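Reviewing the structure listed below.
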Amino acid sequence: MANGGKDNGRFRTATLVNWHLLPEVELTPGGFAQMQPAPWPEGIDTMVRFKDALSCEFREAQGLHFYSDDYQFERVWTKPEVYLELLQQFAFVVETDFSMYLDFPEPLQKWNHYRNQLLGAWWQARGLHVIPSASWADKASFAWTFEGLPERSTVAISTVGCVKGRELYGYFMDGVRELFCQKQPTGLLVYGKLTPDIEKVCQDAGIRYKNFPHTMMGARFLTKKYAGQLAQEDKHNG
């Protein structure tokens with residue numbers, strides 16, 4: 001068969017769902033990719049969104065996140081190999097956050113969880129420092145939405161859009177507590193608003209936590225901060 005079979009329809013279909021990444025990862029009994037525990041990102045104070053990855057400076061001194069609208073990083077799913085070299089330049093990369101909206105049907109929620117886990121585990125297999133990211137819908141999703149996340153690991157969450165109303169915030173905090181119950185994280189990165197409830201959960205568990213405010217200016221801020229640090233070091237060493 002021409003090109004080793006790569007011209008057939010099955011291969012093209014398999015490529016659409018990234019079937020070719022599976023040999024490099026371990027799957028859970030439910031079919032989600034299993035991620036490995038991630039260490040605490042010591043000394044990193046800023047994360048930038050994937051949309052700004054190409055334009056930001058000092059990538060080695062900051063993390064990269066995907067807490068934005070799905071269409072802004074769908075290309076990472078469709079062409080994962082293309083972006084691997086770029087992601088490797090950051091101090092750490094937070095696992096993708098394909099959406100788990102409450103009004104999505106469960107198969108779509110599970111598909112997005114599958115995508116998040118597969119990319120995160122594959123990046124780890126390729127040597128990246130990947131922070132697992134937890135997301136969920138309602139309580140019914142707790143049976144599977146944390147599957148593939150490692151136990152005793154640094155984990156990231158985003159509060160963006162989850163703290164605006166009492167009911168939605170209630171769903172969110174239910175998920176935070178369930179995450180701690182199932183996975184016992186050793187550290188928590190919070191992108192967005194750090195609420196007193198989240199702080200209390202972390203303090204009760206005796207773990208460290210760090211807040212990364214929701215901002216579109218992270219890369220520019222860090223560029224100035226890092227340049228200032230270098231200037232001070234040069235002055236001290238001179």
Side-chain angles (χ1 to χ4, degrees), residues 5-6 8-38 50 64-84 87 92-158 171-172 174-186 188-189:
K6 293 185 178 182
N8 63 60
R10 178 180 173 83
F11 178 85
R12 291 195 294 270
T13 299
T15 300
L16 290 175
V17 297
N18 285 331
W19 184 268
H20 60 292
L21 304 184
L22 292 178
E24 298 186 54
V25 305
E26 175 188 351
L27 297 181
T28 68
F32 299 108
Q34 177 64 54
M35 295 185 66
Q36 302 304 311
F50 173 73
L64 182 72
H65 72 82
F66 294 85
Y67 295 127
S68 54
D69 293 323
D70 293 11
Y71 76 89
Q72 295 183 351
F73 56 90
E74 182 71 28
R75 52 190 165 161
V76 177
W77 171 256
T78 57
K79 296 181 179 180
E81 293 89 353
V82 170
Y83 295 96
L84 189 62
L87 301 184
F92 67 85
V93 176
V94 177
E95 177 187 2
T96 53
D97 187 52
F98 287 109
S99 298
M100 302 277 290
Y101 293 125
L102 285 167
D103 55 355
F104 274 6
E106 186 175 283
L108 183 52
Q109 293 172 345
K110 287 186 173 181
W111 167 241
N112 279 343
H113 181 59
Y114 173 84
R115 295 202 289 171
N116 290 331
Q117 291 304 110
L118 180 54
L119 285 176
W122 183 69
W123 288 338
Q124 285 186 328
R126 290 301 180 98
L128 276 68
H129 179 184
V130 184
I131 306 293
S133 178
S135 58
W136 52 89
D138 56 15
K139 288 185 177 181
S141 72
F142 294 171
W144 52 265
T145 194
F146 303 114
E147 187 173 343
L149 293 177
E151 296 181 3
R152 307 293 299 168
S153 170
T154 299
V155 177
I157 61 173
S158 171
Y171 283 129
F172 177 78
D174 286 342
V176 172
R177 296 185 182 97
E178 185 66 21
L179 168 66
F180 274 66
C181 179
Q182 290 193 27
K183 299 300 178 179
Q184 300 87 44
T186 56
L188 189 71
L189 308 184

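Given the structure is predicted, the values throughout are model-derived calculations rather than measurements.
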- Item | Output field: ring centroids Phe32/His113 closer than 6.0 Å | yes
- Task: Search all heavy atoms of Asp70 against all heavy atoms of Asp97 and return the closest pair with its distance.
- Result: OD1-O, 3.7 Å
- For Ser141, what residues pass the side-chain contact (heavy atoms from CB on, under 4.5 Å) criterion, not counting sequence neighbours? Trp136, Ala137, Asp138, Trp144, Thr145
- Going through the checks in order, is the side chain to side chain contact (heavy atoms under 4.5 Å, CB included) test met by Leu108 and Tyr101? CA-CA 9 Å; Leu108 183 52; Tyr101 293 125; over 6 Å; no
- Item | Value rounded to 0.5 Å, distance of CD in Gln36 from CD in Glu151 | 11.5 Å
- Message: Please find the pair of heavy atoms, one from Leu87 and one from Leu128, that lie closest to each other, and give the distance.
- Response: CB-CD2, 3.6 Å
- Message: Would you compute the distance between atom CG of Leu189 and atom OG of Ser158 and round it to the nearest 0.5 angstrom?
- Response: 11.5 Å
- Query: Less than 6.0 Å separating the ring centroids of Trp77 and Trp111?
  - Reply: yes
- Item | Spacing of Thr28 atom OG1 and Met35 atom CE [to the nearest 0.5 Å] | 13.0 Å
- Nearest 0.5 Å, what's the NZ-CZ distance between Lys110 and Phe104? 16.0 Å
- Given side chain to side chain contact (heavy atoms under 4.5 Å, CB included), test Val82 with Val76 step by step and report yes or no. CA-CA 8 Å; Val82 170; Val76 177; over 6 Å; no
- Task: Grab the two heavy atoms, one from Thr96 and one from Ser133, that are nearest each other, plus how far apart they are.
- Result: O-CB, 4.5 Å
- Please report the shortest heavy-atom distance between His20 and Glu81, naming the atom on each side. NE2-OE2, 2.8 Å
- What about Phe66 and Trp123, are their ring centers closer than 6.0 Å? yes
- Item | Which residues share a side-chain contact (heavy atoms from CB on, under 4.5 Å) with Thr186, sequence neighbours left out | Arg152, Thr154
- Note on the structure: Across all chains, not counting sequence neighbours, the side-chain hydrogen bond (donor to acceptor under 3.5 Å, both in side chains) partners of Arg126 are Glu24
- Locate the shortest heavy-atom distance separating Ala38 from Ile131; write the atom from each residue and the value. CB-CD1, 4.0 Å
- Query: Considering only heavy atoms from C-beta outward, does the side chain of Arg75 approach that of Phe50 to under 4.5 Å?
  - Reply: yes
- Message: Less than 4.5 Å apart, side chain to side chain, heavy atoms only: is that true for Ser135 and Ile157?
- Response: no
- So do Gln124 and Gln34 actually touch side chain to side chain, heavy atoms under 4.5 Å? no
- Does any N or O in the side chain of Glu95 come within less than 3.5 Å of the main-chain N or O of Pro132, such that one atom is a donor and the other an acceptor? no
- Task: State the CH2-CG distance between Trp122 and Asn18, to the nearest 0.5 angstrom.
- Result: 8.0 Å
- Name the orientation class of the two ring planes belonging to Phe142 and Phe146 (parallel below 30°, tilted from 30 to 60°, perpendicular beyond 60°). tilted
- Message: Ignoring hydrogens, what is the shortest heavy-atom contact between Asn112 and Ser99? Give both atom names and the distance.
- Response: ND2-O, 2.7 Å
- Can you say whether the rings of Phe98 and Phe73 are parallel (under 30°), tilted (30 to 60°) or perpendicular (over 60°)? tilted
